Amino acid sequence: MAKSTEKMEKITSLCKRRGFIFQSSEIYGGIGGFWDYGPLGVELKRNIKDAWWRDMVLNPPIGPDGKQVQMVGVDCSLIMNPKVWEASGHVGGFSDPMVDCKESKSRYRADQITVAIPANDDGNAQMYAYVSEDEETQAKAHKALAKYLKTKPPLDSSLFIEKPLLEIPVELYNRIVGPHVKDAGTLTEPREFNLMFQTFVGALQDSSSVAYLRPETAQGIFANFKNVCDSSRVKVPFGIAQIGKAFRNEINPRNYTFRSREFEQMEIEFFCHDDDAMMWWEWWRDTRINWYTSLGLAGENLVPRNQEGDELAHYSKACTDIEYRFPFADEPQELEGVAHRGCYDLNAHQEKSGKDLTYFDTDRKERFLPTVIEPSAGADRSTLAFITEAYTVDESRPSPELMKFHPRLAPIKAAVFPLVAKDGLPELAEPLYQDIRKRWPAQFDAKQSIGKRYARMDEAGTPYCFTVDGQTKEDNTVTVRDRDTGGQDRIDMSRVIEYLEERL
RNA sequence: GCGGGUGUAGCUCAGUGGUAGAGCGUCACGUUGCCAACGUGAAUGUCGUGAGUUCGAAUCUCAUCACCCGCUCCA
């Protein structure tokens, strides 16, 4: 087994054991692509989302123009008018039924397959499928059918009929020879490959009530562009941010929580004049990279990658994927995309809705459709990256596994221990604990040996442990122990809050 | 979606047809008193799920679900 796989298994095991991440509905055998956060995981993820909101929305860095960056937030519904997804391009084009060929591993659009059937079909005859309007596979199918009918090509048109694949009952598929194979029965039944989750709005479940769980949070922002402009006194350039759940029916969920079917996004749509767009794009790219770095995703594992040429959407001028080297893959995997989207989205919604979404810039005396820069981050992917980055094995320690979370992200900020559970030490430690927990998530532990308690906190990633001992009774000092070094300092008990404040 | 592997206690795993196990963790009591210490005791299992074969299935067969690995896919 690869070393990296072993590391990933150690991480998943610790995450389960300590209550970071559980498989969804585990007692019923789980469900593919869905995950739950446990008591420590929910704090960690919440800290990540809070840090993002604080650092990007409430107090973003100074902009590339030297001015404060205007940011506001929204929280949109998961289900929107289905026309939103028609405008965005998520419906249509990708909802065709597909058939797979088990033998050739090819995948075809079912409505593009034609089947040649012997005219004198006795109920057992082989049928030959080809890709409609594809001369090569058509010729191959006709030739094979001629051979099957024991006649010489060219095949007489009276000897066979042709039907679209979708008009042939699925029960007969075992008699169909696929376009790129020699034997019958390799085609699967047609399946929908639309990755959007469908649901129904209202109690009557018919086609008029079909709706979708959003596959991204971005469209709620675009749909509310005008509302935000009209209600919040923002002026272009400005950004709208949203954190929320999104859903995609991933064909193949994999790699722990990385490719989940239900996931949370942290998205910004930043609206600016096209003239300034590249400047803002570069600024957001750098800002986002710095954000990850400042919270501990430093070094070689964080890899910005510029999309080039064909990879870029046709409307996009630039896009950088911020990627991370996870232990489960050789190639870095995307945490966030910082995309220059032109005015594609607003334009699409303007056309579909018939509503004017242009913006009048009073400084420029110009009416235009703003260009959008979109830093779109995965909250669960970031969480997994921070977990992976924090996971450390130090064989020289009595308890080798520890989580080196950045103090801002640590689920528990501090722990308070009486060195022993007697001699009045718990009574001394208790008020300190009560003091700390008013400000930060903290734990009190008087059970078992002191070493075990430190070790437990190391696994949870708690950066600081305060221990009340015999000397506390004499001079009111406690020891503070650092998670990463194991080193200890003595500080006055009255300085503990101050000590934490300086570091959190 | 295809192929391979795995599934037994919270975690790691042993258990090849005949009473459900170990280590670690958890809890209690005692001891100790700054780094998963020691002793004693305890709790914890739909053996992934469902069918089948059998007098009898964790074990054999089939199906199914989940996870892992390699392809594939990822608008």
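Below, chains carry the letters A, B, ... as their sequence lines are ordered, and counting in each starts from 1. Not measured: the values here are computed from a predicted model.
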Tell me what A:Leu14 touches on the nucleic acid: a base, only sugar-phosphate, or nothing, going by heavy atoms under 4.0 Å. nothing
Describe the nucleic acid contact of A:Gly38 in one word from base, sugar-phosphate, nothing, applying a heavy-atom distance below 4.0 Å. nothing
For B:rU53 versus B:rA14, give the span between their P atoms, rounded off to a whole number of Å. 31 Å
Assess whether one donor atom and one acceptor atom, taken from the side chain of A:Glu26 and the base of B:rA66, lie less than 3.5 Å apart. no
C1' atoms of B:rC73 and B:rG3, separation to the nearest Å: 15 Å
Please confirm whether A:Tyr464 and A:Tyr499 have ring centers closer than 6.0 angstrom. yes
What does B:rC2 pair with, Watson-Crick or G-U, if both distances are under 3.5 Å? B:rG70
Please report the distance separating the P of B:rG10 from the corresponding atom of B:rU31, rounded so that it comes out in whole Å. 32 Å
Span that lies between the P atom of B:rG52 and that of B:rG39, in whole angstrom: 49 Å
Quantified in whole Å, what is the C1' atom distance between nucleotide B:rC24 and nucleotide B:rC38? 16 Å
Pairing partner (Watson-Crick or G-U wobble, both distances under 3.5 angstrom) of B:rU64: B:rG48
Determine which nucleotide pairs with B:rU59, using a 3.5 Å limit on both distances of a Watson-Crick or G-U wobble pair. none
Picking from B:rC67, B:rA36, B:rA75, which would you name as closest to the side chain of A:His90? B:rA75
Between P of B:rC68 and CD1 of A:Ile21, the distance in whole Å: 12 Å
Donor-acceptor pair (no angle test) under 3.5 Å: A:Tyr28 side chain, B:rC65 base: no
Ignoring hydrogens and angles, answer whether the base of B:rC34 and the side-chain atoms of A:Gln488 contain a donor-acceptor pair closer than 3.5 Å. yes
Closest listed nucleotide, where the reference is the side chain of A:Lys452 and the choices are B:rA37, B:rC69, B:rG33: B:rA37
Once you apply a heavy-atom cut-off of 4.0 Å, does A:Asp469 come out as touching a base, just sugar-phosphate, or nothing? base
When all nucleic acid strands are considered with a 4.0 Å heavy-atom cut-off, which category describes A:Asn255: base, sugar-phosphate, or nothing? sugar-phosphate
For A:Gly486, report the nucleic acid contact type (base, sugar-phosphate, nothing); a contact means any heavy atom under 4.0 Å. base
5′-ward residue of the pair A:Arg456/A:Arg481 relative to RNA chain B: A:Arg456
Check whether the side chain of A:Arg259 and the base of B:rC74 form a donor-acceptor pair under 3.5 Å. yes
Applying the Watson-Crick and G-U wobble criteria at under 3.5 Å, what pairs with B:rU54? Answer none if nothing qualifies. none
For atom C1', what is the distance between B:rU16 and B:rU8, given to the nearest Å? 15 Å
Taking atom C1' in both B:rA58 and B:rG50, compute the distance separating them and give it to the nearest angstrom. 16 Å
Judged by nearest nucleotide, the residue sitting upstream toward the 5' end of RNA chain B, A:Lys16 or A:Pro400, is A:Lys16
Find out whether A:His90 and A:Glu216 are in side-chain contact, i.e. whether some heavy atom of one side chain is under 4.5 Å from a heavy atom of the other. yes
Provide the distance between the two P atoms, one in B:rC69 and one in B:rG56, to the nearest whole Å. 40 Å
Taking the side chain of A:Lys447 as heavy atoms from C-beta outward, which of B:rA28, B:rG33, B:rA36 is closest to it? B:rA28
Checking side chain to side chain contact (heavy atoms under 4.5 Å, CB included) between A:Thr479 and each of A:Thr467, A:Val468, A:Asp489, A:Thr472, which is the one that passes? A:Thr467
Below the 4.0 Å mark, does B:rG33 have OP1 or OP2 next to a side-chain nitrogen or oxygen of A:Lys422? no
Does A:Thr12 reach a base, just sugar-phosphate, or nothing at all? Heavy atoms under 4.0 Å. nothing
So what does A:Ser449 hit on the nucleic acid, given a heavy-atom distance under 4.0 Å: a base, only sugar-phosphate, or nothing? base
Return yes if the base of B:rG70 and the side-chain atoms of A:Arg254 contain a donor-acceptor N/O pair under 3.5 Å, otherwise no. yes
Parallel under 30°, tilted from 30 to 60°, perpendicular over 60°: which one fits the rings of A:Phe386 and A:Trp291? perpendicular
Centroid separation A:Phe328 to A:Tyr256 less than 6.0 Å: no
Evaluate the salt bridge (charged side-chain N to carboxylate O under 4.0 Å, His left out) criterion for residues A:Asp458 and A:Arg397: first the C-alpha distance (whole Å), next the side-chain angles of each, then the deciding distance (0.1 Å), finally the verdict. CA-CA 11 Å; A:Asp458 286 346; A:Arg397 296 164 71 123; 2.9 Å; yes
Gap separating the CD atom of A:Glu374 from the CD atom of A:Glu336, nearest 0.5 angstrom: 9.5 Å
Return the nearest nucleotide to the side chain of A:Ala455; candidates are B:rA36, B:rC27, B:rC35. B:rA36
